[in-house]
Amino acid sequence: MPEGPTIVILKEEVQKFSGKKVIAATGNAKIDIDRLINKKIINFKSWGKHFLICFDGFTVRVHFLLFGSYLIDQDKTAQIRLGFTFPNGEFNLYACSVSVLEGDVNDHYDFTSDVMNPHWDPKKAKAKLKDVPTKMACDVLLEQDIFAGVGNIIKNEVLYRIRLHPETETGKIPDAKIREMITEAKNYSFDFLKWKKKNELKKHWLAHTKKTCSRCDLPIVKKYTGVKKRRSFYCENCQKLYS
DNA sequence: TATAATGTTTGAAC
DNA sequence: AGTTCAAACATTAT
């Protein structure tokens, strides 16, 4: 379900509930659901893969993990984790992680580390990468403190685009290539957003789940790499391992 | 049908 | 004390 761009799409889809009062709220989320009733939603925000439902004085944080889903003006035969009824429709969340953040949401997040956010700051990302020279490229791209919103698909596509081997240690990567990594983390995320909206995300994958390299026609390697052990798809011929 | 997958947190074990 | 690891959560396409 997730990766940052998908949460941005969700945020757009629920805009009609922004400013609306919660008439009823249900679900099996382990939060005080009753406190949401009769309260107005100030707005919806996102930080990386976190979906944020902002009320006056607190925020409901939703994380979809791997299998979470949502429906607008529909329900399905699954337990509702958190469901809202508004004067103009309903919004149901399933199989997600739900928690409450007290106070101002801006005190909980640094929006400059979210690749999808207008305040995204590539310079900060560069500084953070300097601090983790022994971590592999495949791991640092998934670090939400550095690249909030980047998931495994984006990771694989970014590394393929910039021709960088997933197992390269960050400290060994030339400066220009580091800059490319940071630039493409954002660029591909916005391509992801554009293609996902058109329902043609998979069509554009060049590495993720692919069998052969579109550049050299040699096999794409599938390997669980790094400390995080997420699957990487890469071309050993085209993606350079700096050492 | 069994498996693996766009993810993260927690707590035990080393 | 730091790291490593499995477990837990729960859905769906292949």
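Chain identifiers are assigned alphabetically (A, B, ...) following the order of the sequence lines, protein sequences preceding nucleic acid strands; residue numbering begins at 1 within each chain. Note that the structure is predicted; figures quoted are calculated from it, not measured.
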*Separation of atom NZ in A:Lys211 from atom P in C:dT14, rounded to whole Å*: 13 Å
*For A:Lys229 and B:dA5, what is the distance between atoms NZ and C1' respectively, to the nearest whole Å?*
18 Å
*When you measure from the side chain of A:Leu65, which nucleotide among B:dT6, C:dT11, C:dC9 comes out closest?*
C:dC9
_Are A:Phe190 and A:Phe192 an aromatic pair, judged by ring center distance below 6.0 Å?_
no
_Whole angstroms only, please: what is the CZ-P distance between A:Phe64 and C:dT12?_
13 Å
*Establish, with yes or no, whether the OP1 or OP2 oxygen of B:dA4 is under 4.0 angstrom from a side-chain nitrogen or oxygen of A:Arg231.*
no
*Walk me through it: do A:Lys130 and A:Asp175 pass the test salt bridge (charged side-chain N to carboxylate O under 4.0 Å, His left out)?*
CA-CA 10 Å; A:Lys130 280 269 185 275; A:Asp175 229 49; 3.5 Å; yes
*Separation of A:Phe51 atom CZ from B:dT8 atom P, in whole Å?*
17 Å
*Compare the minimum distances between each of C:dC5, B:dT6, B:dT8 and the side chain of A:Lys49, then state the nucleotide with the smallest one.*
B:dT8
*So which one's nearest nucleotide on DNA chain B is more toward 5', A:Arg61 or A:Phe233?*
A:Phe233
*asked:* Say we look at C:dA7 and B:dA4: how far apart would their P atoms be, to the nearest angstrom?
replied: 15 Å
*Near DNA chain B, under 4.0 Å by heavy atom, which residues of residues 149-171 of chain A?*
A:Gly151, A:Asn152, A:Ile153
*Closest listed nucleotide, where the reference is the side chain of A:His208 and the choices are C:dT12, B:dT8, B:dT6*: B:dT6
_When you measure from the centre of the six-membered ring of A:Tyr109, is the NZ or CZ of A:Arg61 closer than 6.0 Å and no more than 45° off the axis?_
no
*Quick one: A:Gln144 CD to B:dT9 P, roughly how many Å, whole number?*
9 Å
*Ring centers of A:Phe51, A:Phe44 separated by less than 6.0 Å*: yes
*With a non-hydrogen cut-off below 4.0 angstrom, is A:Lys222 in contact with a base, only sugar-phosphate, or nothing?*
sugar-phosphate
*In this structure, which one of A:Lys202, A:Lys197, A:Lys198 forms a salt bridge (Lys or Arg N to Asp or Glu O under 4.0 Å) with A:Glu200?*
A:Lys198
*Picking from C:dC9, B:dT6, B:dA5, which would you name as closest to the side chain of A:Tyr224?*
B:dA5
_Rounded interatomic separation in angstrom, taking CD from A:Gln79 and C1' from C:dT11_ = 14 Å
_Heavy-atom closest contact (A:Thr225 atom, A:Lys155 atom, distance)_ = OG1-NZ, 4.4 Å
*In whole angstrom, what separates A:Phe147's CZ from B:dT8's C1'?*
19 Å
*Whole angstrom is fine here: how far is it from CG in A:Leu66 over to C1' in B:dT6?*
6 Å
*If you pin A:Cys96 and A:Lys202 to their nearest nucleotides in DNA chain C, which one's is more 5'?*
A:Cys96
*Can you tell me if NZ on A:Lys16 sees more than 12 non-hydrogen neighbours from other groups inside 6.0 Å?*
yes
_A quick test of your reading: do over 12 heavy atoms of other residues, nucleotides or ligands sit less than 6.0 Å from CD of A:Gln79?_
no
*C:dC9 phosphate, OP1 or OP2: any side-chain N/O from A:Arg81 under 4.0 angstrom?*
no
_Looking at A:Lys194, I want to see if its NZ is surrounded by more than 12 non-hydrogen atoms of other residues, nucleotides or ligands under 6.0 Å._
yes
*asked:* Distance to the ring centre below 6.0 angstrom and angle to the axis at most 45 degrees; does that hold for A:Lys21 and A:Phe86?
replied: no
*Intra- and interstrand pairs of DNA chain C - dot-bracket, Watson-Crick/G-U under 3.5 Å, | marks other strand*: .||||||||.||||
